[in-house]
Protein chains: 2
Amino acid sequence: MQQGSDSSRAPGYEPAPTSSRALILDSIRSAGTLSRVELTQITGLTAPSVTALVRRLIDDGLVGEAGRGTSTGGKPRTLLQIRSAARYVIGVHLSYDSLTYVLVDYAGGILARWRRDGPGEDSDPEEVVERIATQTGELIERAGIDSTLVLGLGFVCPGPLIRNNGVASAPPMMARWVGFPVHRRLEERLGLPALLENDATAAAAGTRLTTRHDVSVMAALFMSEGIGSGLRLNGSIYQGAHGNAGEVGHICVQIGGPRCWCGSTGCLEAVAGPATVIAKARAAGLDLGSHRRTGIAAFAAIARLALTGDSRAEAIIKDSAAWLALGAQAITNMYDVQVLVLTGPAFAVAGTIYLPILQERILSSAFGRSVTTEVILDERGHDAAAIGAALMMLRSEHAVTA
Amino acid sequence: MQQGSDSSRAPGYEPAPTSSRALILDSIRSAGTLSRVELTQITGLTAPSVTALVRRLIDDGLVGEAGRGTSTGGKPRTLLQIRSAARYVIGVHLSYDSLTYVLVDYAGGILARWRRDGPGEDSDPEEVVERIATQTGELIERAGIDSTLVLGLGFVCPGPLIRNNGVASAPPMMARWVGFPVHRRLEERLGLPALLENDATAAAAGTRLTTRHDVSVMAALFMSEGIGSGLRLNGSIYQGAHGNAGEVGHICVQIGGPRCWCGSTGCLEAVAGPATVIAKARAAGLDLGSHRRTGIAAFAAIARLALTGDSRAEAIIKDSAAWLALGAQAITNMYDVQVLVLTGPAFAVAGTIYLPILQERILSSAFGRSVTTEVILDERGHDAAAIGAALMMLRSEHAVTA
DNA sequence: CCGACTTAGTTAGATCTGTGAATATAGTGC
DNA sequence: GCACTATATTCACAGATCTAACTAAGTCGG
């Protein structure tokens, strides 16, 4: 079978490791250390093939041997590991509120994590590209790594995307981003390959290393300023025909429900999203610390109140959770996943309240009972999107060539 | 890359053509006739490779040359076509109401279509397997084809499945089918490979030949006695982790809604499914022809009333459509498809009423406007599931070996 | 109507990937 | 130290698909 070029690739997927070389690299990366025997089992290749492929990876400096395993009565396995300093990738997550950077080494380890101010109201995309370029340079410099070893940058943001052409639609406050080809501009400005993805989709890729290896079909429910989801299949990311799969935030959960910024009514995001939670909390007169607080900071304040016994805050969040459970159920019913991970900043601060309510709805349906669908909380929810962006770049074809 | 064996295959998909041989066969099949040049474009293989692969297919009697195309200034293209009499497959769709058989030739053409009584209330699966075996034999005999050329049988039925282990859950009236490994029993009884699939999933495969070739991500919304959906990606069928993907009939569209047979409440199927439509029509005192009429026959009677101007019938169906539109929107938002096909017996009789209502909701959302999601009606809705069952078998590995 | 041009398809040889069988390596346990 | 076992490698070969050069069968213009 022929490997399609980037431009002619069939829609639907972000490719899973396709060459055996990439598959081996990725298997070692997600396992941490792995022997050649285990690689034969995972990849389905024969021992001689694994030997040859691994040798090339070692020659290219991408993989190293890392001691011996314990013997089980014969020669002990030689452990292989990714040479983490071989290459680096950068992940950037843009939201209204904040700009999150992660610097990830070739083994998938997180070397640095920065949070900077977001673009805010009516931002000029060109100016933000400039800022990202500068801050990316600073990040590389402060980390003290060789900038020629940086493979590329994964850029993620909320909202549906037009493939290769930027953001397709955005909340009013970020209207100027619509149609702006961020990743192309970043490529030009940085001289590095850049990849554009939806934040929720990337978050599904970001939970990759934290999820058990036997899970091949999993989804992420991502809540930041908006609500989205992503699906991961055998290591590849499902993107849909136009790169907008998983738009769970804009399915209608309430006929005749409140109007959403997207133009429709009764959207999950409008009924149960963080912005709505904040609005309800303000209306109820809850003290969110500072009147200036917006977005995740305000949502976090409400979550803290709820967790420390404020029954009004608790009721507001539990109401949100009851609706969100419908979205979670839509994900599990449509995608039939083994694991649903709750991730993103909003779950990072309020996940413990949401989790049992979502679990309950999913487990209470007959289909939930006949199969095992686990719902878990991602402990790195805050940075999941940026990490996912970096990992997607790390798994791209760019990252495999010597 | 290595082709996994049937048992070790990674979950998530019914495989798309994986060998170049299968890809070529399938490309010719869906195009009707195709030249070698076009095959190089579709498959991405080079001309010499296509030549060699096609020669082997011709030698094996699976493909034949079918005259010349028109010249465009050079040597005219030699047209290739599937030798339709080379092999046959059978598709069987079981529902409560009826048992639908199709006999499909190697080119995907439908040679025969039978409808027989369904298993009905409290049926004994063993007895039904026996009936299917007998009727399958009759079908082959009456069609006058060589029974040794029959490759296998695709069997589809409603409800979520446990892979390789039969039906996982079923409406009360078919409770005895739960856990019964129909396809294994059919294999034993018929001495032919059999494949078990969900009817909605198969319907997505069944629209395969009727959908344009440039559509690589499409879904089917299937309504028979229940409501389900299936997703097709680049020719492969997405099945989910447990083979239950697309269970749109049991997502909750109405918190606190009516109880569903599945144990949950507010399920799309309970709110808007044919059974509910029939119950409402009976409650409204509509004349459905015969009091005995159940299932699709009763639903068809209501559809006829609605189409001939009965405003009460029309209101009942339009109400169903308004809810179903939520399910359709969930499909398009979650899967991000190019085309959504409405199929199955219920849409075969009432599709023209449902279509505009579903179209309107999908097109009215911002995400619908920014991308092109077509909603169309399958004119072969009645037999889509059985045809899909046959085509899935036709595209399986069994159908490629000489 | 004939020769240049164009497009379709074939042949032959090279390359790349991965395989099977046999062999080398490095431990354990008696 | 020797038999045993599991791990890893070597080497010759098979299959798929590629590139380059060639043949086949039309159109078109003079």
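Naming: A, B, ... by sequence-line order, numbering from 1 per chain.
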Does [N] have OP1 or OP2 sitting under 4.0 Å from an N or O in the side chain of [X]?
{"X": "S20(B)", "N": "dT17(D)", "answer": "yes"}
{"X": "T46(B)", "N": "dC18(D)", "answer": "yes"}
{"X": "R77(A)", "N": "dT7(D)", "answer": "yes"}
{"X": "T78(A)", "N": "dA8(D)", "answer": "yes"}

Rounded to whole angstrom units, what separation is found between the [atom1] atom of [X] and the [atom2] atom of [N]?
{"X": "L79(A)", "N": "dA6(D)", "atom1": "CG", "atom2": "P", "answer": "18 Å"}
{"X": "L39(A)", "N": "dA8(D)", "atom1": "CG", "atom2": "P", "answer": "9 Å"}
{"X": "L80(B)", "N": "dA8(C)", "atom1": "CG", "atom2": "C1'", "answer": "12 Å"}
{"X": "L34(B)", "N": "dG9(C)", "atom1": "CG", "atom2": "P", "answer": "10 Å"}
{"X": "E38(B)", "N": "dT7(C)", "atom1": "CD", "atom2": "P", "answer": "15 Å"}
{"X": "Q41(B)", "N": "dG9(C)", "atom1": "CD", "atom2": "P", "answer": "11 Å"}
{"X": "L45(B)", "N": "dT10(C)", "atom1": "CG", "atom2": "P", "answer": "14 Å"}
{"X": "L23(B)", "N": "dT17(D)", "atom1": "CG", "atom2": "P", "answer": "10 Å"}

field: Residues from residues 49-56 of chain B lying under 4.0 Å of DNA chain C - heavy atoms
entry: T51(B), R55(B)

- line: Once base and sugar-phosphate atoms are separated, protein heavy atoms under 4.0 Å mark nucleotides 24-30 of chain C, 5' to 3', with B, S and - as -BBBS--

message: From C-beta outward on V37(B), which listed nucleotide comes closest to its side chain: dG20(C), dT7(D), dG9(C)?
response: dG9(C)

Between [Y] and [X], is there a side-chain heavy-atom distance shorter than 4.5 Å?
{"X": "V63(A)", "Y": "I24(A)", "result": "no"}
{"X": "V400(A)", "Y": "L62(A)", "result": "no"}
{"X": "R380(A)", "Y": "I110(A)", "result": "yes"}
{"X": "L39(A)", "Y": "I28(A)", "result": "yes"}
{"X": "I237(B)", "Y": "Q239(B)", "result": "yes"}
{"X": "T40(B)", "Y": "T46(B)", "result": "no"}
{"X": "V341(B)", "Y": "R232(B)", "result": "no"}

Backbone N/O of [Y] and side chain of [X]: donor-acceptor pair under 3.5 Å:
{"X": "Y238(A)", "Y": "Y335(B)", "answer": "yes"}
{"X": "Q338(A)", "Y": "S216(A)", "answer": "yes"}
{"X": "E187(A)", "Y": "A194(A)", "answer": "yes"}

query: Which residue pairs pass the salt bridge (charged side-chain N to carboxylate O under 4.0 Å, His left out) test with at least one member in residues 36-46 of chain B, sequence neighbours excluded?
result: R36(B)-E65(B), E38(B)-R77(B)

List every contact pair, protein side and nucleotides 12-16 of chain C side both N or O, where the distance is under 3.5 Å.
none

Any residue meeting side chain to side chain contact (heavy atoms under 4.5 Å, CB included) with S84(A), in chain and number order, not counting sequence neighbours: D105(A), A107(A)

field: Of L186(B), I90(B), V89(B), V150(B), the residue whose pairing with L192(B) passes side chain to side chain contact (heavy atoms under 4.5 Å, CB included)
entry: V150(B)

- prompt: When you measure from the centre of the six-membered ring of Y106(A), is the NZ or CZ of R29(A) under 6.0 Å away and within 45° of the axis?
  reply: yes

- prompt: Quantified as the angle between the terminal helix axes (five pairs each), what is the overall bend of the helix from dC1(C)-dG30(D) to dC30(C)-dG1(D) to 10 degrees?
  reply: 10°

